[in-house]
J.: 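I have a structure here, written as structure tokens, and I will follow up with some questions on it.
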Amino acid sequence: MTDIDTITELPDGWKRVKVPLPFSLKWVNSYIVPEGTSYTIIDPGLRTEQSERVWEEALQACGIGWEQIARIVLTHQHPDHYGLAGTIQEKSGAPVLMTERSHRYARRLWGGSSEYAEALSALFLSHGMPGELMQSIALNLESFVEKVSPQPGVTYIEAGGQLTLGKRDWLLIDAPGHAYGALCLYDQTKRWMICGDQVLPQITPNVSVVPGEEADPLADFLESLAHLEQYDVELALPGHRDPFAGFRKRIVELQSFHQRRLSEMRNRLARQPLTAFELCEDLFGARLRDNPHNLRFAMAETLAHLFHMENRGLVSSRSKSCVFLYDSESPEAG
């Protein structure tokens, strides 16, 4: 049977299933929502042998058969949320609901002729990443194909609409920056917010530059936080860590974190010009050279902050030997 901590009882018969992940986040939160005699699953997790076993045991513990799964809803397309959708669809016959943009991203990264790794390689190499580290990142990216296969057939839902979930109507809210096409779901009656990875307790959502997408994801993320701050939330159901209260307080903390990070980066660049990779190692540590998964996120987030500042004239870049160097005056001097 499942470990005692795998399934958490929530109000109104909802259940949180902690689906294990083979990297530092440890688990992703999946939610089982009762729909009378059937159930909706939100964000089923990454496809691994362990996660498939956890789902078999969790459903058995809850007395739920695969045929009772009526829908699979995805807050966004990242593999730790999307990966098992196709497998559970095959077992249950349930439709998979996500936005068209999220689905387009999934097909771009894990479709049969993906060129994403090449685009990411060109971006990272032009910002100073050593070639051997980029090769490790490319291999790590390739390893995710089997963790999201089989890929599901998808029914589209879109921000601005509503979705009936657990016999309540939920507003679908656009949540860009962490993942374009992502949704938060808000129930104004109970004041619950299903926030995916857009607002997380204790850890900061990754905000990454993705080749071929918007050039300033941090601006979009911060704008999204400002929008979400307007909602009165009693219980937030995140993609990682535990459900939490204090939604607005956590948003303020995330906003403050990014302002501190921007200031810190600008001060470092005022001392000496650096490539994005040099700044990444300065901020996150050279130990990430041994962890291509985390290095990819650290590098892409460093670029997100640099692009954000360059768009605002706070830093400047120049090409030296085909690699970009960033420079800045100090905030005090500026």
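The structure presented is a predicted model; accordingly, all values stated were derived computationally and were not measured. For reference, positions follow the sequence shown, starting with 1.
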J.: Going from CG on Asp232 to CE on Met193, what distance comes out if it is rounded to the nearest 0.5 angstrom?
T.: 9.5 Å

J.: Of all the heavy-atom pairs spanning Thr40 and Leu165, show the shortest one and how long it is.
T.: CG2-CD1, 3.6 Å

J.: Which atom pair, heavy atoms only, marks the closest approach of Ala304 to Leu218?
T.: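 Reported closest heavy-atom pair: O-CB, 4.1 Å.
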
J.: Can you pull out every ring-ring contact (aromatic ring centres under 6.0 Å, His included) where at least one residue sits in residues 277-319? Sequence neighbours excluded, please.
T.: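 For residues 277-319, and leaving out neighbouring residues, the ring-ring contact (aromatic ring centres under 6.0 Å, His included) pairs sorted by first residue read Phe23-His293, His127-Phe307, Phe144-His293, His258-His305, His293-Phe297.
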
J.: Test question: given the 4.5 Å side-chain rule for I, L, V, M, F, W and Y, name all other residues clustered with Val252, or answer none.
T.: none

J.: Any side-chain heavy atom of Leu295 within less than 4.5 Å of one from Asn140?
T.: no

J.: When rounded to the nearest 0.5 angstrom, what distance separates CD in Glu115 from CG in Leu120?
T.: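 Rounded to the nearest 0.5 Å, the CD-CG separation comes to 13.5 Å.
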
J.: Check Leu235 against Pro243 and note the closest heavy-atom contact, atom names and distance.
T.: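 Smallest heavy-atom distance, with atoms named: CD1-CB, 4.0 Å.
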
J.: Would a hydrophobic clustering, with Ile, Leu, Val, Met, Phe, Trp and Tyr connected at side-chain separations under 4.5 Å, put Val154 with Leu185?
T.: no

J.: Do Leu325 and Met309 belong together in a cluster built from hydrophobic side chains that touch within less than 4.5 Å?
T.: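 No, Leu325 and Met309 fall in different hydrophobic clusters.
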
J.: Is it possible for you to say whether Tyr31 and Val96 belong to one hydrophobic cluster, with membership spreading through side-chain heavy-atom contacts below 4.5 Å?
T.: no

J.: Would you say Glu49 has more than 12 foreign heavy atoms packed within less than 6.0 Å of its CD?
T.: no

J.: Just by distance, do the side chain of Thr99 and the backbone of Gly181 share a donor-acceptor pair under 3.5 Å?
T.: yes

J.: Rounded at 0.5 Å granularity, tell me how far NE2 in His76 sits from SG in Cys184.
T.: 10.0 Å

J.: Does Met265 reach the side chain of Arg268, with side-chain heavy atoms less than 4.5 Å apart?
T.: no

J.: Not counting sequence neighbours, list each pair that qualifies as a salt bridge (Lys or Arg N to Asp or Glu O under 4.0 Å) and has a residue in residues 38-48.
T.: Arg47-Glu52

J.: According to the salt bridge (Lys or Arg N to Asp or Glu O under 4.0 Å) rule, which pairs have a member within residues 193-221, sequence neighbours left out?
T.: Arg101-Glu214, Asp216-Arg312

J.: If I take atom SG from residue Cys280 and atom CG from residue Leu274, how far apart are they, to the nearest 0.5 angstrom?
T.: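 If I round to the nearest 0.5 Å, the distance is 11.5 Å.
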
J.: Counting C-beta onward and ignoring hydrogens, is there a side-chain heavy-atom pair between Cys62 and Tyr39 closer than 4.5 Å?
T.: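 Cys62 vs Tyr39: side chains apart.
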
J.: Charged N to carboxylate O below 4.0 Å: is that the case for Glu253 and Arg250?
T.: yes

J.: Between Gln198 and Cys195, is there a donor-acceptor pair closer than 3.5 Å when you use the side chain of the first and the backbone of the second?
T.: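 Side chain of Gln198 to backbone of Cys195, a donor-acceptor pair under 3.5 Å: no, none is there.
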
J.: CZ/Phe247 to CG/Leu228 distance, rounded to the nearest 0.5 angstrom?
T.: 5.0 Å

J.: Treat each ILVMFWY residue as a node, draw an edge where side-chain heavy atoms are under 4.5 Å apart, and state whether Val33 and Leu84 are in one component.
T.: no

J.: Any chance you could pull the hydrophobic cluster mates of Tyr180, using side-chain heavy atoms under 4.5 angstrom and chaining through other members?
T.: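 Via sub-4.5 Å side-chain contacts, Tyr180 links to none.
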
J.: Determine whether Val233 and Arg248 make a side-chain contact, defined as any pair of heavy atoms from C-beta on separated by less than 4.5 Å.
T.: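 With C-beta onward as the side chain, the pair stays apart.
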
J.: Taking C-beta and beyond as the side chain, do Ser102 and Leu183 meet within less than 4.5 Å on heavy atoms?
T.: no

J.: Taking side-chain hydrogen bond (donor to acceptor under 3.5 Å, both in side chains) as the cut-off, I'd like each qualifying pair that reaches into residues 151-176, sequence neighbours left out, listed once.
T.: Asp12-Arg168, Tyr82-Gln151, His103-Tyr156, Thr164-Asp169, Arg168-Asp187

J.: Do the side chain of Thr204 and the main chain of Leu254 share a donor and acceptor less than 3.5 angstrom apart?
T.: no

J.: State yes or no: do Ile137 and Tyr105 share one hydrophobic cluster built from I, L, V, M, F, W and Y residues joined by side-chain heavy-atom distances below 4.5 Å, directly or via other members?
T.: yes

J.: Evaluate Leu46 against Val19 for side-chain contact (heavy atoms from CB on, under 4.5 Å), listing each step before the verdict.
T.: CA-CA 8 Å; Leu46 189 71; Val19 182; over 6 Å; no

J.: Show the nearest heavy-atom pair for residues Lys18 and Val54, with the distance to one decimal.
T.: O-CG1, 4.2 Å

J.: Can Leu25 and Ile203 be said to form a side-chain contact (heavy atoms from CB on, under 4.5 Å), step by step?
T.: CA-CA 10 Å; Leu25 284 173; Ile203 57 176; 3.7 Å; yes

J.: Might you point out which heavy atoms bring Ile251 and Leu225 nearest each other, and give the distance in Å?
T.: CG2-O, 3.6 Å

J.: With no hydrogens and no angle check, is any side-chain donor or acceptor of Ser126 less than 3.5 Å from a backbone partner on Ala122?
T.: yes

J.: When you compare the side chain of Gln89 with that of Pro152, does any pair of heavy atoms fall below 4.5 Å?
T.: yes

J.: Checking Lys91 against Thr87 for the side-chain contact (heavy atoms from CB on, under 4.5 Å) test, could you report, in this order, the C-alpha distance in whole Å, the side-chain angles of both residues, the deciding distance, and whether it holds?
T.: CA-CA 6 Å; Lys91 291 177 180 291; Thr87 298; 3.9 Å; yes

J.: Do His240 and Leu21 pass the side-chain contact (heavy atoms from CB on, under 4.5 Å) test, and can you show the C-alpha distance, the side-chain angles, and the key distance before you say yes or no?
T.: CA-CA 11 Å; His240 303 278; Leu21 296 171; 3.9 Å; yes

J.: Report yes if some heavy atom in the side chain of Trp66 is under 4.5 Å from a heavy atom in the side chain of Ile88; otherwise report no.
T.: yes

J.: Ignoring hydrogens, what is the shortest heavy-atom contact between Gly131 and Leu125? Give both atom names and the distance.
T.: CA-CD2, 3.8 Å

J.: To the nearest 0.5 angstrom, please state how far the CG atom of Leu269 sits from the CG atom of Leu279.
T.: 5.5 Å

J.: Above 12 or not: heavy atoms from other molecules or residues under 6.0 Å from CD of Glu264?
T.: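 For Glu264, atom CD is crowded (more than 12 foreign heavy atoms under 6.0 Å).
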
J.: Are the side chains of Thr48 and Pro20 in touch, meaning some heavy atoms are under 4.5 Å apart?
T.: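 Side chain of Thr48 against side chain of Pro20, heavy atoms only: no contact under 4.5 Å found.
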
J.: Side chain of Ser121, backbone of Ala117: donor and acceptor closer than 3.5 Å?
T.: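 Checking the backbone N and O of Ala117 against the side chain of Ser121, no donor-acceptor pair under 3.5 Å is found.
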
J.: Look only at the side chain of Asn29 and the backbone of Arg241, and say whether a donor-acceptor pair between them is shorter than 3.5 Å.
T.: yes

